[in-house]
Amino acid sequence: MSRKAPRRTAERILETALEMFNRFGEPHVSTTAISAELRISPGNLYYHYPAKDELVNALLQRHRLGLEPLLSASSEVHDVEDAWFFMHALFEGLWHYRFIYRNLNDLLSRNRELESQLQNLIQRLIGALQNLLDALRRDLLQMDRLEVTPAATRMTVLLTYWLSFEYVCDPRRALEPEHAQAALLRGATHVLGLLAPYMQPAQRAHLQQLAAAYRPAKSAG
């Protein structure tokens with residue numbers, strides 16, 4: 001039992017840090033605030049994570065591992081509906097760690113160890129989207145092979161900076177949980193919209209229908 005307790009404490013620290021980083025933004029959350037939220041001593045937190053950067057690095061590593069099963073399945077996308085659900089699931093994965101994408105450049109400027117992890121993640125996203133585009137070229141897209149890498153790169157740029165764009169447009173509400181589905185829908189629609197010029201009219205119409213069907217209903221009043 002004595003060996004399980006430290007692991008559980010480390011897990012609770014990560015979960016609480018993620019929740020607070022997402023809610024308030026990582027720069028505005030101190031390790032003291034995290035330990036207070038957990039009702040543990042700052043020394044207990046430092047035992048597991050001696051610096052806030054180590055918390056951020058651990059969360060990014062968890063994020064990367066969590067995305068891997070989805071990214072590995074990108075070559076199995078073959079039609080508009082597959083692409084829609086894949087992209088929505090990808091945005092959901094990013095949303096769960098949205099503090100990273102809200103403060104991406106700032107995090108890099110203050111945490112040099114994060115650099116290689118983020119670069120690996122970006123390259124993994126590009127590679128997965130290349131596989132997706134190669135799969136779609138067989139049945140859906142009229143895209144030359146030479147266009148695949150530039151298109152995958154454009155999609156990755158939009159993916160990684162979309163939540164930052166949402167935040168700039170509406171800083172007080174954009175990244176709150178109640179606005180999640182609308183933000184994810186807009187992101188998925190815009191990323192897949194980059195492929196619309198390579199689709200037949202019927203396929204573009206199907207994509208628009210999917211976006212409309214999953215659009216969150218406006219609340220009364």
Participant: Go through it in stages, so that I can follow the logic: the residues are Arg145 and Asp134, the test is side chain to side chain contact (heavy atoms under 4.5 Å, CB included), and I'd like the CA-CA distance, side-chain angles, deciding distance and then a yes or no.
Facilitator: CA-CA 8 Å; Arg145 182 67 186 85; Asp134 279 332; 3.5 Å; yes
Participant: Who passes salt bridge (charged side-chain N to carboxylate O under 4.0 Å, His left out) against Arg186, sequence neighbours left out?
Facilitator: Glu166
Participant: Any donor and acceptor pair, going by atom type alone, linking the side chain of Gln117 with main-chain N or O of Gln61 inside 3.5 Å?
Facilitator: yes
Participant: Between Asn111 (side chain only) and Leu107 (backbone N and O only), is there a donor and an acceptor less than 3.5 Å apart?
Facilitator: no
Participant: Whether the side chain of Ser72 engages the backbone of Pro69 through a donor-acceptor N/O pair (distance < 3.5 Å, no angle test) should be reported.
Facilitator: no
Participant: Do Tyr101 and His63 have ring centroids that are under 6.0 Å from one another?
Facilitator: yes
Participant: Salt bridge between Arg8 and Glu11, side-chain N to carboxylate O under 4.0 Å?
Facilitator: no
Participant: With distance as the sole test, does Arg12 use its side chain to make a donor-acceptor pair with the main-chain N or O of Thr9 at under 3.5 Å?
Facilitator: no
Participant: Of all heavy-atom pairs between Phe91 and Leu184, which one has the smallest distance, and what is that distance?
Facilitator: O-CD2, 3.4 Å
Participant: Taking all non-hydrogen atoms of both residues into account, name the closest pair between Glu147 and Met143 and its distance.
Facilitator: CB-CG, 3.7 Å
Participant: Tyr161 and Asn105: side-chain donor and acceptor closer than 3.5 Å?
Facilitator: yes
Participant: Under 3.5 Å, is there a donor-acceptor pair linking the side chains of Tyr46 and Thr31?
Facilitator: yes
